[in-house]
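Naming convention: chains lettered A, B, ... in sequence-line order (proteins, then strands); numbering from 1 in each chain. The figures that follow rest on heavy atoms only: side chains count, while hydrogens, waters and symmetry mates do not.
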Protein chains: 2
Amino acid sequence: MLQASVTTRCDQMLKRGVERKEIVRALGEVFRAHGYEGASLTLITEATGLGKGSLYHLFPGGKEQMASEVLAEIDAWFELNIYSPLREASDSARAIAAMIAGVDEYFHSGDRICLVGLVALGASRDTFAASVDGYFARWQVALAAVLRRSGLSKGQAQRRAEDALLTIQGALVLARARSDAGIFRRAMSDLTKRLLAPAE
Amino acid sequence: MLQASVTTRCDQMLKRGVERKEIVRALGEVFRAHGYEGASLTLITEATGLGKGSLYHLFPGGKEQMASEVLAEIDAWFELNIYSPLREASDSARAIAAMIAGVDEYFHSGDRICLVGLVALGASRDTFAASVDGYFARWQVALAAVLRRSGLSKGQAQRRAEDALLTIQGALVLARARSDAGIFRRAMSDLTKRLLAPAE
DNA sequence: GACTCTCTGTACCGATCGGTACAATCTCCG
DNA sequence: CGGAGATTGTACCGATCGGTACAGAGAGTC
């Protein structure tokens, strides 16, 4: 019966892991929709279907822990789907196209907001400064490496990667402000061309 | 004594107008620093030096009126210092350079945030949707007109103006996120070149 | 000085905030 | 089934939220 016991426990752990991931995802949507300050415990309980008891059992650190786990999960997603492919890419053009495709998917072609950007602008920025900075820093380094391999100088690569990140953020802001996802799509299309352009 | 009376009233009105402008400016800083939801009445009374009584006497509509007056004031500033010069410009290159200089001044070279962008991303977006959209729409139209006069096609001019707005917003987000005003300065420099470039 | 009207400080309102306490319940195990 | 530990709903906490009521201070007019 030992085997059964172990299996059961593994299943449980796995299930818990999955559930927690699901919860963190739901939390992310709440923070995205209402910001860190605006995401009240009431909204959070509604979005997750969890009472305060469960919530504080799962996240003893309260809202702050919830938000930082959400940021960590975002980071993990980008690490897996964006940074890592960028780092390991051999074909620069293909890697950049894949990055843009990934970004387009993640942000639902401009319908979805960047939570990291939102936090960066808000009052809670200082609390999560390290996560926010790390998110963009790692992205820039990974993208710059690809650009460098495609023949750009170090400075050019860094500058062009910076331009890419800023364009994505700006496109999300403007698309949201004007309720026009077309802005995001056009910006991503232009950005691809700009990233792929030969060194100046 | 009629003259004196009138003069006194005018002075008073003027003084009130100035004071109100000063108050709205202070309100703007609070909203910028804490967002619409985060700007509590306590913070507002501290920033303005006005008690609740005065505040609700001046702004019977409460926080919402305060915020919309702040947005209106921002709009007026841009109308005067950015949109209008853009519309009346004869020298496109000079007009664009002036716009970038104005933007750099307004945003303190990246140290200051765009309140309109912040509102656009936040939960209060719907409340102020018209102001937010109008701000960007008018800017884009004015800038596109200049670009059109400089020889670009209508579509190209619109697209390039869109790119300019999005770049400014993105630069502000990224500069804030990474606590590096240099990002904003570099972006503005690049943007100027991009705007001035000949038609593709 | 008395009247009027604008302005302001303060006390107060119900609602909600993030967070805690804890008993009840559920789940797994022997 | 019985015990142990994880999980949960609910009542409750003090603080603060945005907003209101109102008495009184202040200033301009006669």
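Relative orientation of the B:F128 and B:Y36 rings is perpendicular, given thresholds of 30° and 60° on the angle between their planes. Note: B:W139 and B:F78 have tilted aromatic rings, judged against thresholds of 30 and 60 degrees for the angle between ring planes.
At whole-Å resolution of the value, CG in A:L55 and C1' in D:dT8 are 11 Å apart. One atom, CD1 of A:I44, and another, P of C:dT16, lie 16 Å apart when rounded to the nearest Å. As a whole-Å value, the separation of B:I23 CD1 from C:dC7 P is 10 Å. Between the NE2 atom of A:H34 and the P atom of C:dT16 there is a distance of 14 Å, given to the nearest Å.
Side-chain contact check for A:E162 and A:Q158: no donor-acceptor pair (N or O, by modelled atom type) lies under 3.5 Å. Using modelled atom types, one finds a donor on one side chain and an acceptor on the other under 3.5 Å when comparing A:Q140 with B:R178. Looking at B:E88 and B:S84, their side chains do bring a donor and an acceptor atom within 3.5 Å of each other.
Contact annotation: A:H57 reaches the phosphate of D:dT7 (side-chain N/O to OP1 or OP2, under 4.0 Å).
Pairs engaging residues 104-131 of chain B under the side-chain hydrogen bond (donor to acceptor under 3.5 Å, both in side chains) rule: A:S179-B:R125, B:E29-B:R112, B:R32-B:Y106, B:D104-B:S109 [sequence neighbours left out].
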With sugar-phosphate taken as primed atoms, P, OP1 and OP2 and all else as base, the protein-contact string of nucleotides 18-24 of chain C at under 4.0 Å (heavy atoms; B, S, -) is BBB----

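Proximity of residues 121-128 of chain A to DNA chain D (heavy atom under 4.0 angstrom from any strand atom) is not detected for any residue.
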Take B:L172 and A:V173, measure what side-chain contact (heavy atoms from CB on, under 4.5 Å) needs, and give me the verdict at the end. CA-CA 11 Å; B:L172 290 170; A:V173 172; over 6 Å; no

